[in-house]
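Worksheet: one structure, shown below.
These numbers come from the heavy atoms of this one structure, side chains and all, not from hydrogens, waters or symmetry mates. Positions are given from 1, in the same order as the sequence printed here.
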Amino acid sequence: MASSLSLEILDLRHFAAPMLRPVLEAESALWRERLNWDYLASAKLLLQYLDSRSLPGYVALDAGRVTGYVFCVYEDTKAVIGDVFALREGAAGEPNGMQREHSAAAREVEESLLQRLLELLLHSPGVDRIESQLLLHRDGVHSEIFLRAGFEVYRRLYMRRGLVGSYVEAKLDLPSELELRPWQDHDLNAAGRLIADAYRDHPDSRINDQYRSVYGSQKFLQNIVRFPGCGVFSPQASHVIVERASREPVALVLGSRVSAQCGHITQICVNPAYRRNGLARILLQVAAVQFQRLGMSELTLTVTEANTQAVDLYTTEGYMLAHSFNAAVWTRS
């Protein structure tokens, strides 16, 4: 890895996709190793944006070779930091001391990239809010650079349960006025209303401001259902619980396949008026049954550590902590 003296930080939009391909391939391997997540679909989408020269961000350049990158996307007056990654040099079988040295060097490059991007965003008068959830990076790895810039930092948990060697069962003990059914495409608008209600005054609405409005929640759902950022949407594993009289959804679970072996719960929520009825537990069990039928060997989800009731529920359903990462948020005073 280059020293800080030889490293150049340059505009991402000046670089075509082939120059970043080795970095994205190395990052995809780390996603598989650490999270059992197939990052290739996301990488292909990212390469398309790179070829259009429209993605804001920076690359780290060492002797003409791209060794790292960072990018963001703009949503009105909000910027979302999408990813940061730098190559870990060296062989997989080398001594632990050398591995730590290479990892520290990559971290230094990533922090240089983040610093440059944060300087740009914090001094952009059109940006009033910045969000970041760097799922791949372990809790604490980059938290200091965000804290120094005035961000609030939240610890999030990546939890995993096995689906092999055990019989998964869903106990559908629903109140008589409610009905469980599979997700349908026309549920998107009503589900947006449900999410906005469910996340009112919720810790996660501080991390992701899309949860604060029906429009934002519908946009969030569209990203889950139609784009590969959170895996390939799985309608078989996605269900809603509706009120029989009004046909309005009062709870939902959405799932995606993030690799050939791993399913992921992308969203689960319950209308506040219907909590304490075991609906979230039922939906978790239904999703697990469906993912097991689809041949998945494990199921994962993410949760904010401060959401202790959800963490306790997931633990009783067999989920265990596999990884933790940080979400960071900045808002202009």
Side-chain angles (χ1 to χ4, degrees), residues 27-28 30-46 48 73 80 82-83 133-136 156-164 168 170 180-188 190-192 194-195 198-199 204 207-208 210-211 216-241 249 251-270 280 282-304 310 314 317-319 322-323 325 327:
E27 184 179 13
S28 296
L30 189 58
W31 277 86
R32 285 193 301 272
E33 173 191 331
R34 187 170 291 175
L35 304 174
N36 194 10
W37 197 301
D38 185 355
Y39 190 68
L40 290 177
S42 296
K44 287 178 182 176
L45 185 62
L46 187 58
Q48 292 175 15
V73 294
V80 179
D83 198 8
Q133 292 197 57
L134 301 176
L135 175 58
L136 182 63
R156 305 204 72 220
L157 313 179
Y158 185 82
M159 304 184 75
R160 175 185 292 140
R161 66 162 292 177
L163 297 176
V164 175
V168 180
L180 174 75
R181 65 164 173 79
W183 169 269
Q184 298 170 2
D185 287 341
H186 64 73
D187 288 324
L188 196 144
L194 167 61
I195 288 175
Y199 282 92
D204 285 1
I207 294 172
N208 184 348
Q210 287 182 323
Y211 291 151
S217 297
Q218 290 169 346
K219 190 173 181 180
F220 164 79
L221 287 168
Q222 288 174 349
N223 288 335
I224 287 178
V225 173
R226 297 174 183 170
F227 296 103
C230 284
V232 179
F233 179 65
S234 177
Q236 302 96 320
S238 303
H239 286 73
V240 296
I241 296 176
L252 66 80
V253 64
L254 301 179
S256 292
R257 289 177 287 112
V258 294
S259 73
Q261 307 83 26
C262 184
H264 184 72
I265 303 294
T266 54
Q267 178 58 225
I268 182 166
C269 65
V270 179
I282 289 171
L283 289 170
L284 284 171
Q285 292 172 356
V286 168
V289 168
Q290 295 301 320
F291 274 121
Q292 189 178 56
R293 289 176 179 171
L294 290 169
M296 302 294 104
S297 61
E298 63 181 37
L299 183 55
T300 61
L301 52 78
T302 61
V303 58
T304 304
Y314 302 149
E317 284 299 307
Y319 290 84
H323 172 72
F325 62 101

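- In this structure, Leu30 and Tyr39 have side chains that are not in contact, with every pair of non-hydrogen atoms separated by 4.5 Å or more.
- You'll find the side chain of Asn36 stays beyond 4.5 Å of the side chain of Val258, heavy atoms only.
- The structure places OG1 of Thr266 at 11.0 Å from CG of Asn223, a figure rounded to the nearest 0.5 Å.
- Here the closest non-hydrogen pair linking Gln236 and Gln290 is O-CG, 3.3 Å.
- Separation of atoms CG (Asp83) and CG (Leu134) is listed at 7.0 Å; rounding is to 0.5 Å.
- You'll find the side chain of Leu301 reaches within 4.5 Å of the side chain of Leu284, heavy atoms only.
- For residues 258-267, no residue pair satisfies the salt bridge (charged side-chain N to carboxylate O under 4.0 Å, His left out) rule, not counting sequence neighbours.
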Practice task
Evaluate side-chain contact (heavy atoms from CB on, under 4.5 Å) for Thr300 paired with Leu35, printing each intermediate quantity in order.
Solution key: CA-CA 9 Å; Thr300 61; Leu35 304 174; over 6 Å; no
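- Residues passing the side-chain contact (heavy atoms from CB on, under 4.5 Å) test with Gln133 are Arg156, Ile207, Phe325, Ala327, sequence neighbours excluded.
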Exercise for the section: Dump the intermediate steps for side-chain contact (heavy atoms from CB on, under 4.5 Å) on Leu180 and Leu283, then the final yes or no. Expected result: CA-CA 9 Å; Leu180 174 75; Leu283 289 170; 3.9 Å; yes
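- One distance of note links CE of Met296 with CZ of Phe291; it measures 7.5 Å at 0.5 Å rounding.
- Closest approach of Arg161 to Gly318, counting heavy atoms only: CB-O, 3.4 Å.
- For Asp187 (side chain) and Gln184 (main-chain N/O), a donor-acceptor pair under 3.5 Å exists by modelled atom type.
- Residue pairs satisfying the salt bridge (charged side-chain N to carboxylate O under 4.0 Å, His left out) criterion with at least one member in residues 289-300, sequence neighbours excluded, are listed as follows: Arg160-Glu298.
- Leu221 has its side chain within reach of Ile195: a pair of non-hydrogen atoms, C-beta onward, lies under 4.5 Å apart.
- The CG atom of Leu40 sits 11.0 Å away from the CD atom of Glu27 when rounded to the nearest 0.5 Å.
- In this structure a side-chain-to-backbone donor-acceptor pair under 3.5 Å is present from Ser297 to Gln261.
- Closest approach of Tyr199 and Ile268 over heavy atoms only: OH-O, 3.7 Å.
- The ring-ring contact (aromatic ring centres under 6.0 Å, His included) check on His264 picks up Trp37, with sequence neighbours excluded.
- Distance check, rounded to the nearest 0.5 Å: CD1 of Ile224 to OG of Ser256 gives 7.0 Å.
- Of all non-hydrogen atoms in Ala251 and Val270, the two that sit nearest each other are CB-CG2, 3.9 Å.
- Residue Ala310 comes nearest to Val303 through the heavy atom pair CB-CG2, 3.9 Å, listed as atom of the first residue, atom of the second, then distance.
- The structure places CZ of Arg257 at 7.0 Å from CG of Leu294, a figure rounded to the nearest 0.5 Å.
- The two atoms that bring Leu163 and Gln292 nearest to each other are O-NE2, 2.7 Å, heavy atoms only.
- Contacts of Asp38 classified as salt bridge (charged side-chain N to carboxylate O under 4.0 Å, His left out), with partners at least two apart in sequence or in another chain: none.
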Practice task
Begin from the C-alpha positions of Ile265 and Tyr319 and carry the test side-chain contact (heavy atoms from CB on, under 4.5 Å) through to its verdict.
Solution key: CA-CA 12 Å; Ile265 303 294; Tyr319 290 84; 4.2 Å; yes
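- Listed by chain and number, the residues in a side-chain contact (heavy atoms from CB on, under 4.5 Å) with Ser238 are Trp183, Phe233, Leu254 (sequence neighbours excluded).
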